[in-house]
Amino acid sequence: MVEISEKFKYAPLIVFQVILLILYFIFTTYGGADDVGVRGYEDTHVMIFIGFGFLMTFLKKYCYSALGFNWLLAAMVIQWALLCQNFFHMEDMQIRITKKLLLEADIMSATVLITFGALLGLTSGPQLLFIAIIETALGCTNLYLCEAVFQVSDIGGSIAIHTFGAYFGLGVSAALRMKKVDPPQGVQRLDGPSYVSDTTAMIGSIFLWIYWPSFNSALSSSDAEYQRAVVNTYLSLAAATVTAFIVSSIVNHEAGKFDMVHVQNSTLAGGVGVGAVANFFISPGAAIAIGIGAGVLSVCGYKYLTPAMEKFGIQDTCGVNNLHGMPGVYSGLLSVFFAFFITSETYGSEMEHIFEAMGEGRSAGVQALFQLAALITTMVLAIGVGFGTGIISKAPIFSPLKETERYDDKINWELP
Amino acid sequence: MVEISEKFKYAPLIVFQVILLILYFIFTTYGGADDVGVRGYEDTHVMIFIGFGFLMTFLKKYCYSALGFNWLLAAMVIQWALLCQNFFHMEDMQIRITKKLLLEADIMSATVLITFGALLGLTSGPQLLFIAIIETALGCTNLYLCEAVFQVSDIGGSIAIHTFGAYFGLGVSAALRMKKVDPPQGVQRLDGPSYVSDTTAMIGSIFLWIYWPSFNSALSSSDAEYQRAVVNTYLSLAAATVTAFIVSSIVNHEAGKFDMVHVQNSTLAGGVGVGAVANFFISPGAAIAIGIGAGVLSVCGYKYLTPAMEKFGIQDTCGVNNLHGMPGVYSGLLSVFFAFFITSETYGSEMEHIFEAMGEGRSAGVQALFQLAALITTMVLAIGVGFGTGIISKAPIFSPLKETERYDDKINWELP
Amino acid sequence: MVEISEKFKYAPLIVFQVILLILYFIFTTYGGADDVGVRGYEDTHVMIFIGFGFLMTFLKKYCYSALGFNWLLAAMVIQWALLCQNFFHMEDMQIRITKKLLLEADIMSATVLITFGALLGLTSGPQLLFIAIIETALGCTNLYLCEAVFQVSDIGGSIAIHTFGAYFGLGVSAALRMKKVDPPQGVQRLDGPSYVSDTTAMIGSIFLWIYWPSFNSALSSSDAEYQRAVVNTYLSLAAATVTAFIVSSIVNHEAGKFDMVHVQNSTLAGGVGVGAVANFFISPGAAIAIGIGAGVLSVCGYKYLTPAMEKFGIQDTCGVNNLHGMPGVYSGLLSVFFAFFITSETYGSEMEHIFEAMGEGRSAGVQALFQLAALITTMVLAIGVGFGTGIISKAPIFSPLKETERYDDKINWELP
């Protein structure tokens, strides 16, 4: 009996896949080829499936699960997000699928993968799938709020993707209230890396880093905006990387040595930190300054904040708070700050595309307020619904993990 | 004496490389830059050299050979295929090389790498090179038959590349008649993965998955066709992935757990399954349905068919029958089915590019018959010539492997 | 006290990053979007950060340092090179940053990474950073000499990037005068690969190989030139790969077996060998011939020359002399040779873009002489300044390594 229920543990997912199938038959068709030149789709695709997937292989005995769940979750979420995002924009009850819609679905799947990073090794497959389905629906709604209601500018998704995904994950984690436990004597600790797993994690980290300029610029609407977003992100990432190495060598308890956790993650904080303002006229120097700030913030978060949160029962396995959460908030606040300096002299014809509402008369100060409102709304929704989802996900039907099953591939995989 | 013949084991390959050199001097020149905007060349390049190469590193002690032979074979075959494919289309006895021709050479090399997948660990280097040279010549001829004689539509090469490569490989394998043998007691089994080799195999698998939409759309002739091929492939892959995970967890003998073989391979079956119809107006819903079917077919093939074939002495190390063979046939049959629904209302001006003969008056029913004829011809040629090539490759001059030399890098490499 | 100085070992880098920040604020702004369609930026980015990074993970206990320093150096150098390269071309005291400038900064960072390859495992972090800062400034000056003064054609940077980076590194290495030392009995040798580290190195090697055509064609100024550079590089790489495998199996002391060092490196020599003439009308056959030559040259270099140099105290851990140095010189000499055959009949309107000075009347013979002059100047400058930099880098302030600290991650990293 137990055996049979184990066998069909993922059966509800069949139902969900069939529902998706039916919804696609009813509500979708092919779109026109106007947006076929959309940039960044392939690069973003690499970030989602290779980048996030391999970054999470740093745990010594959770590589299969990291790669497998990353893939399974994203493959499911991209189908689901494409519908959720575009239910708000249907014509004749039809979603007209273009390459741009595929790109946006990929981007939305990042929220779920960030959340997965917080929970890595702490939840079962069915829990993850349940969380992903809820989070996608809410994430698309929140994105709609940010874009269509608050009309904020957030080209790299630092608010609607990174902040959202991180705090949703921390909300779930807070609900799970898991304490770090030491394994019984003689049993290997699984909550750390091996030499090889840290090396494979670098595949993910570096690919994320490489294509982050493509990610932050993908949804730009003109060549000039696109190039500015690429330049700002490239410089911010470079500066964050140099900074992360330096700060890591200073704060490390082995003086002068680097910590792989910082190198794999805080290097990327420059991409998140500049995300919400990547297409602004901030100046290349400011992009570097933002990257430096993001690098410091992120390494210090890993060093001081994550251990403190763990004491309160908020686990964050990949430290997404330090890579996506705080840098996302930082980026959101930067967008509030820089919004005050928006003028039609500076932005010219780009103005109405980047700040739609300002094209229709909203003032710079009001735009700044809306940027702040979007950030706060995102955090409140993410934490609140994340917490609720976490509570529900503890139900036995989702087979939550026992303490001894954490960070362990063998509960999910037939191992060699 | 033996030593000397070992030393020059690959000497015939020098001869072949010099022949290629001469043929290039005589028959090739630079083409015009009209097709310079051809899409998918770089992405396909990654699939061939990283994708296939790393996917085959799953065996614990055959990583060097997998990567090395993959690279050597593809580097030789792309030079050879570019000539073989275009001997049929010379002007003034010259092949005018463009980026599109490089792309087509890459695509043809996939057939050889699929065949290599079937034979992984079972053949010597000289055998592989001999097989590759024959297969490329025949594969290009078969492609010419499909394209220019039968005038079928097969944008993703599910018939002419995947089905061909898989059944050619199975033909060779049948000729080799190798039985699975257990190693002597105390000797490690080499025909399985290690934890690390399965992780590196995921690099290949995921990159193949990511760029498959680029592969299936690369040879499209309009933006609309291109985008449709991308959308269909993206959705089919996503659905096949979700399905492969679910079915894997159901059929696995450890109930509810995933099997890496399925995850690495059957996830990709959605790309093959939709290949021959990726540019058709099948509807996005149908793309998802096709992906679901491909996922089920592929996992069940791995679970039930491969072990059965092994009993008949047909080894298939990577299970290419389940990833390329059966999904290729499935896609071919889908192209027969969907051909019946081709109308000039649906396809408009794309009609004459996608179904050339129909632009000149061929009916939908006749097109369907030709799709079927191409599929059958491909299979018959591949199995027949594959079998013959396999028989010849057993000659001592190709230094076939002894039983104890299988799946072992040490016969091909100086190891650390 | 020692502890404190260790802790702030990388503090001077903070100063340098802040100087960069200030220079960017003063001297840079966003450029126009004219060059936004520049090709090869993303692909080159992958080569620099994944390609070089992973290629250098072949040492068994230096994977973290290879990946980490590669990343840190490149992230610092791209910021610095963008300034150094464009100080020569400022308008109104401003550098207008475009995507093309980012690409050129990436390309320049390759020189430093090539130098790092020669010194892999032999120097401390502070030494590397000091060397990188000097080398970048000199490399940009040398590039300016080649391009603007000598007006040579070197699209793939075989002279100004590969030859420069390799001989700068050998210059430093000669100054360091390190002897190969055997570890004390019972201590593991660290100057070789493990099975896994050789596999991860292939990630780097293959990605370099895949995107080399993009690298060699990135700075082309017309579609036709671009396509020719892609075709020539693709063919040269393919031929070099086949050749490297064959020659490796012949010269290997285990007859008929391949050596991973050759496979990882000499396969790429085709890209360097054809670099300086990739956009020339050399004919596809000649591209293959060049690749064959490069493959032979490179494998023989690894087999015979590197051990000989080691006896003279010139270490070259990655053998950059065989992959970048000699193939770079070979390519430079090829550019001298092929320059004699430049005619305006062959090149038409491309003439003035590829050979600017010839558009203004320089003869083919004089162009050939200038190509030679650029090659010689590059080598002299690189070796000379490299040697001087090496001497200075031995100062205690740069914490040079003790013999027992070589090739060892544990001096740079907190290890699991």
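Chain identifiers are assigned alphabetically (A, B, ...) following the order of the sequence lines, protein sequences preceding nucleic acid strands; residue numbering begins at 1 within each chain. All figures in this text were calculated on a predicted structure; none of them were measured in a lab.
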Taking the six-membered ring for Trp, are Trp212(B) and His45(A) ring centroids under 6.0 Å apart? no
Nearest non-hydrogen partners of Ile288(B) and Gln17(A), listed with the distance: CG2-NE2, 3.5 Å
Does the side-chain contact (heavy atoms from CB on, under 4.5 Å) test come out yes or no for Tyr30(A) and Ile282(B), once each step is laid out? CA-CA 10 Å; Tyr30(A) 301 112; Ile282(B) 53 174; 3.5 Å; yes
Test log, rule side-chain contact (heavy atoms from CB on, under 4.5 Å), inputs Tyr211(B) and Val46(A): CA-CA 9 Å; Tyr211(B) 287 132; Val46(A) 174; 3.3 Å; yes
Ring-ring centroid check Phe258(B) Tyr10(A), cutoff 6.0 Å: yes
The test is side-chain contact (heavy atoms from CB on, under 4.5 Å); show your working for Met260(B) and Leu415(A) and say whether it passes. CA-CA 8 Å; Met260(B) 255 295 167; Leu415(A) 293 178; over 6 Å; no
Is the Lys NZ or Arg CZ of Lys61(A) less than 6.0 Å from the centre of Tyr195(B)'s six-membered ring, within 45° of the axis? yes
Counting heavy-atom pairs under 4.5 Å with chain A, the top scorer among Thr200(B), Ile210(B), Leu235(B) is Ile210(B)
Mind checking whether Phe207(B) and Phe207(A) have ring centres under 6.0 Å apart? yes
Pick one of side chain, backbone, both or neither for Asp43(A), based on which atoms fall under 4.5 Å of a heavy atom in chain B. neither
Whatever's closer than 4.5 Å to a heavy atom in chain A on Ser217(B) counts as neither
Show the nearest heavy-atom pair for residues Ser283(B) and Phe25(A), with the distance to one decimal. OG-CE2, 3.6 Å
Considering only heavy atoms, which portion of Thr98(A) lies under 4.5 Å from any heavy atom of chain B: side chain, backbone, both, or neither? both
Side chain / backbone / both / neither for Phe54(A) at chain B, heavy atoms under 4.5 Å: side chain
Checking Thr267(B) against chain A: side chain, backbone, both or neither under 4.5 Å from a heavy atom? side chain
Using modelled atom types and a 3.5 Å cut-off, is there a donor and acceptor pairing between side-chain atoms of Lys257(B) and backbone atoms of Lys410(A)? yes
Interface check, chain B: of Leu102(A), Val36(A), Asn412(A), Ile14(A), most non-hydrogen pairs under 4.5 Å belong to Leu102(A)
Say you draw a straight line from NZ of Lys9(A) to OG of Ser249(B); how long is it, rounded to the nearest 0.5 Å? 8.0 Å
Once you round to the nearest 0.5 Å, how far does CD of Glu254(B) lie from NZ of Lys7(A)? 11.5 Å
Donor-acceptor contact below 3.5 Å, side chain Gln227(B) vs main chain Gly31(A): yes
Non-hydrogen side-chain atoms of Leu13(A) and Phe245(B) separated by less than 4.5 Å: no
Looking at Cys63(A) and Thr199(B), what are the two nearest heavy atoms and their distance? CB-OG1, 3.9 Å
Donor-acceptor pair between Lys99(A) and Tyr234(B) side chains, under 3.5 angstrom: no
Can you say whether Tyr41(A) sits under 4.5 Å from chain B via the side chain, the backbone, both, or neither, judging by heavy atoms? side chain
Ranking Ile97(A), Leu67(A), Ile50(A) by heavy-atom pairs under 4.5 Å to chain B gives rank one to Ile50(A)
Cut-off 4.5 Å, heavy atoms of chain A, and the answer for Tyr226(B) is side chain
I'd like to verify something: which residue of Ile22(A), Ile48(A), Asp409(A), Leu82(A) has the highest number of heavy-atom pairs under 4.5 Å with chain B? Asp409(A)
What heavy-atom pair brings Ala238(B) and Ala75(A) nearest, and what distance separates the two atoms? CB-O, 3.5 Å
Please look at Val196(B) and chain A and tell me whether the side chain, the backbone, both or neither of the residue comes under 4.5 angstrom of a heavy atom of that chain. side chain
Which atom of Pro193(B) lies closest to which atom of Pro416(A), heavy atoms considered: O-CB, 3.3 Å
Point-to-point distance, once rounded to the nearest 0.5 Å, from CD of Gln79(A) to CG of Leu237(B): 10.5 Å
A quick test of your reading: do over 12 heavy atoms of other residues, nucleotides or ligands sit less than 6.0 Å from CD1 of Ile397(A)? no
Tell me, for Ala244(B) versus chain A, whether the close heavy atoms (under 4.5 Å) come from the side chain, the backbone, both or neither. neither
Can you name the one residue among Asp198(B), Asn252(B), Asp259(B), Val263(B) that meets side chain to side chain contact (heavy atoms under 4.5 Å, CB included) with Trp413(A)? Val263(B)
Heavy atoms only, distances under 4.5 angstrom: which of Leu21(A), Leu72(A), Ile411(A) has the most pairs with chain B? Name it, please. Leu72(A)
In terms of heavy-atom pairs under 4.5 Å, which option from Val251(B), Ile250(B), Asp223(B), Thr241(B) contacts chain A the most? Ile250(B)
Closest heavy-atom pair and its distance - Ser194(B), Tyr64(A): O-OH, 3.7 Å
Side chain, backbone, both or neither: which part of Ile203(B) has a non-hydrogen atom closer than 4.5 Å to chain A? both
Lys100(A), part contacting chain B, at a heavy-atom distance under 4.5 Å: neither
Under the criterion side-chain contact (heavy atoms from CB on, under 4.5 Å), I'd like the reasoning laid out for Trp71(A) against Ser205(B): C-alpha separation, chi angles, the key distance, then a yes or no. CA-CA 11 Å; Trp71(A) 202 354; Ser205(B) 185; 3.3 Å; yes
